[in-house]
Every structure is written in structure tokens, then in C-alpha cells.
There are 2 protein chains.
Amino acid sequence: MVQSPAVLNNKAVQILQGAMQEFLQNGYAGTSMDKVAATAGVSKPTVYNYFKDKEGLFRALIQYVAESRCQQVMGDGNLEGRPEVVIRRLITNAIESELHDLDYQNFVRLVAGESGRFPQLAQAFVEYLTKPAVDQLADYLKGCSDINAPDPEATARVVLGATVFFIMTQSVMHGETIMPMDPQRLVDSLVDLVTRSPTL
Amino acid sequence: MVQSPAVLNNKAVQILQGAMQEFLQNGYAGTSMDKVAATAGVSKPTVYNYFKDKEGLFRALIQYVAESRCQQVMGDGNLEGRPEVVIRRLITNAIESELHDLDYQNFVRLVAGESGRFPQLAQAFVEYLTKPAVDQLADYLKGCSDINAPDPEATARVVLGATVFFIMTQSVMHGETIMPMDPQRLVDSLVDLVTRSPTL
DNA sequence: GTCTATATATAGATAGAC
DNA sequence: GTCTATCTATATATAGAC
């Protein structure tokens, strides 16, 4: 029985791959164990041999995907240089890598959509993806003396919040045609807001 | 057959109330027409007499809830006064009214979670809730000469994006214990960022 | 460990009585 | 218009053969 993605043999990964395709496409309740088994190329009892039940498989899958995404979000962790350049690069990278990543968008939809019924999984998302990103940026901002951020932690939430909101509205919620905007304008405004000289 | 919430008799509303409770709690695929009928206090064929099928009922419900929320989000539309005061009040109101509104959070979870399979409903959310809020703030910012916002539309997205992200992370995704923050700090930082004197 | 076959429950949707 | 009763499909989960 697989409880943690830390220990995964070949067949467990094979099942998780099939489960990923189905759950990301059809949500938790919309996914049947029959289709998971078929997509994974195994029989249904084999699925139940590796995972206790549908909920156990789902939890293992979310953890599996979150761990995969974890490194990517952090980037190389190399936040060095002048604030205008660093912040611009950080936001540009986030938008470019997520705005057209359909798998990531479906992952966000799935975790957000199930956050009421699976609060622990939503918390794992916050702990392993959201919080590290905010903390990393906040730590960088703390080291910058010549920017407009008396509260670096709150400022980091503003910067990343605006970025996440942009991706959510434009792509996840399909708002690109309804309220279109060149991502560059958001980046420019954010850099402009944060890197001005602080109040005298 | 009810197609639009614009024309709703008593029984249709009664069914929508039951549907709201079930869909907001259990999601689309997790909701059965049996439970909708039971919660609404009618029989299943009666539900099908007023709505074509499960999908038709769901679409009508989302439109119904979105229209109810539409006015509330806009507030009284009275954005007048000095920018520090107006922006502070706007964000504070949004956070106070949404951060602990469980129905609203479940509505966000539902629409976001189904946005991949019901893109039209997500677009209605953007068109009737997100876009009006952004436009209203952008219009106000355009009229302010003494603030730090060369691009009012992008700045409005930063302000509302940071606010929505805060509510999403703290409440919807249950992150309050993982990355706690007093909402006042976010409000202060946003007001501070936007209302500084523009670059010389 | 992995399969075929199946038990049991519940889903969406409707026929037909009133 | 509204109900009880029902049809058909499919869901989760497992028994038992290999």
C-alpha cells in the first residue's frame, strides 16, 4: 500500500500517471477508478492493491504533483542583482511558465475546487508552493534598502498576488478575451510600484 | 423549462435554493439530482420539469448566484474622496465581506474547479464580477492625478489581485495557520505603494 | 501480484398514474 | 404539474482463480 510518494515503485508511478491524466481532466468526483485503471494500463484490483481507495489514490496524486511542481516554482533560487531586474525577471518567468501551461492550470482548478472537501490538500499546496514563493521574495526584499517596501512580507504578497490573479483571470478562468491585457503592462506597473524611491 | 434566471417562478427558485446548497457543498459531479430534489423538497421529475437536465440546472444556478453577488461586489459604486481613504476603504470592505463568507468561498471553489469543464460559466464570473470591479477601480484611479499609477488599469489589477490572492490563500485554501498575516498589513502596504507621490 | 468476474449501491433520466 | 415506481448505466470495491 502506497502512502507517500517518497517510496514509489514502477507500477505505483504508472498508476499515478494514469490517475493524473484522469483527475486533472475530470476532477475528483468525475473520475472513476475504472478509467484510472484503463488509462494506467492495469486492472482495477491492481489499483486497489497499491492504493487503499479512491481517496487514498487522490491524496497520493496531489502530493506527487505538488512535489514535482515544488522545485520548478522556486526556480534556481538565485535572486541577486538590482531590484528592478530581479523582480522583472521573477514575474516574467512566472507568467511565461504558467500562463500557457494547461497541466498546471488544471492542477490549480483541481486543488482549488476540492479545497472545501480536502482542506489538507489545499494546505499542502499553500505550504509547499505558495509559501515558499512568498518567503523567497520577501527575503530578497528585506535585503534591498533602496526600494518602496517598508513591509517586505506584505509587499511580496502584493507582487505575487497580482501575478497569480493575472494568471487566474486570464487563463484559468478564460478571461483573456473579456478583459485582455499585455502581461508586460502588469510587469511594468509592479516593478514601477515597488522600486520607486521610498518616502522621504 | 427555465433557461434564464430572469424569469423564475416560486418553484424554480425553490429548486435553485436546494441546488445551491448541494452544488456549493459537493461540487458538480458530486451532486446527485436525488439530493437536489430532496433538499429542495420536491420530487425528481419536478426538477426535470423545470430544468432540462443536470447541466442545465447547474448553469442556471451559477447565473443565479452570480447575479445575486453582482450588486454586492460593486458596493454603492461611490468611489469619491482622497485616494488613501478610498482605496483603504475599498480593500478593507472586500476583505471583511469575503474573508469569512463561507458561501462565497464555496462559490469561488465551485466556479474555479469547474472552469475547465464549464468555461462559459467561468467567463460569466469574470465578466459580471471580476471585470466590473477592476474597471470601477481603474476609472477611479484615472481621475486621480496625485498618485503612483501611470497605468491605472494595470494598477487596479495589482490592487484587486493582491486582495483576491489574500482571500484565496488565507481562507479558500485554508492557509491562515500556515502563513498568517493581519489583513491590515496588506491594506497598509497597498495604500502605501499606490498613493506615494509619482516619480519626479 | 495481477487478472476476470461480480456484488452492491447509486447515478441520471423517464413512464405513467393522478 | 406533481408524484411513485422504475429503467439503464455506471460507480466503488472485492472474491477467487492463476
Side-chain angles (χ1 to χ4, degrees), chain A residues 1-5 7-62 64 110 113-114 116-118 121, chain B residues 1-5 7-64 110 113-114 116-118 120-121:
Chain A
M1 190 77 62
V2 176
Q3 296 285 1
S4 164
V7 280
L8 292 179
N9 52 36
N10 292 340
K11 199 134 245 179
V13 171
Q14 181 181 342
I15 294 170
L16 284 174
Q17 295 289 346
M20 172 153 37
Q21 197 168 320
E22 291 301 320
F23 279 117
L24 287 186
Q25 197 76 28
N26 306 113
Y28 177 73
T31 293
S32 73
M33 297 296 265
D34 286 87
K35 291 200 71 178
V36 168
T39 303
V42 300
S43 73
K44 201 158 45 163
T46 299
V47 175
Y48 280 94
N49 188 38
Y50 283 86
F51 302 93
K52 182 193 172 196
D53 53 15
K54 186 182 177 180
E55 186 171 324
L57 171 61
F58 182 63
R59 292 184 188 278
L61 171 70
I62 298 297
Y64 175 71
L110 182 62
E114 300 298 336
R117 293 172 289 277
F118 296 94
L121 298 186
Chain B
M1 188 77 61
V2 177
Q3 294 287 359
S4 164
V7 281
L8 291 179
N9 53 36
N10 293 340
K11 199 134 245 177
V13 171
Q14 182 181 340
I15 294 169
L16 285 175
Q17 295 289 346
M20 173 154 35
Q21 198 168 319
E22 291 300 322
F23 279 118
L24 287 187
Q25 197 74 31
N26 307 114
Y28 177 74
T31 293
S32 72
M33 296 297 266
D34 285 87
K35 290 200 72 178
V36 168
T39 303
V42 299
S43 74
K44 200 158 48 163
T46 300
V47 176
Y48 280 95
N49 189 37
Y50 283 86
F51 301 92
K52 183 191 171 196
D53 53 14
K54 186 182 180 183
E55 186 171 323
L57 172 61
F58 181 63
R59 293 183 187 278
L61 171 71
I62 298 297
Q63 193 174 343
Y64 175 69
L110 182 60
E114 300 298 337
R117 292 171 290 278
F118 295 93
Q120 292 175 324
L121 299 185

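The chains referred to below are lettered A, B, ... by the order of the sequence lines, with proteins before strands, and numbering in each begins at 1. What's counted below: heavy atoms across the whole structure, side chains too, no hydrogens, waters or symmetry copies.
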Check your understanding: Does A:Lys44 have any salt bridge (Lys or Arg N to Asp or Glu O under 4.0 Å) partners at least two apart in sequence or in another chain, and if so, which?
Key -> A:Asp34
**Study point:** Partner set under ring-ring contact (aromatic ring centres under 6.0 Å, His included) for B:Tyr50, not counting sequence neighbours
**Key:** none
Check your understanding: When you check the phosphate oxygens OP1 and OP2 of D:dT2, does a side-chain N or O of B:Tyr50 lie under 4.0 Å from one of them?
Key -> yes
Practice item. Whole angstrom is fine here: how far is it from CD in B:Glu22 over to C1' in C:dA11? Key: 14 Å
Practice item. Sequence neighbours left out, what passes side-chain hydrogen bond (donor to acceptor under 3.5 Å, both in side chains) with B:Gln21? Give chain and number order. Key: none
**Study point:** Separation of C:dA15 P from B:Asn49 CG (nearest whole Å)
**Key:** 13 Å
Review point. What residues, two or more places apart in sequence or in another chain, satisfy ring-ring contact (aromatic ring centres under 6.0 Å, His included) together with A:Tyr48?
Key: none
Practice item. Using the test salt bridge (Lys or Arg N to Asp or Glu O under 4.0 Å), find all partners of A:Lys35 that sit at least two apart in sequence or belong to another chain. Key: A:Glu22
Practice item. For each nucleotide in nucleotides 3-16 of chain D, reading 5' to 3', give B when a protein heavy atom comes within less than 4.0 Å of its base, S when such contact involves only the sugar-phosphate, and - otherwise. Key: BB------SBBBB-
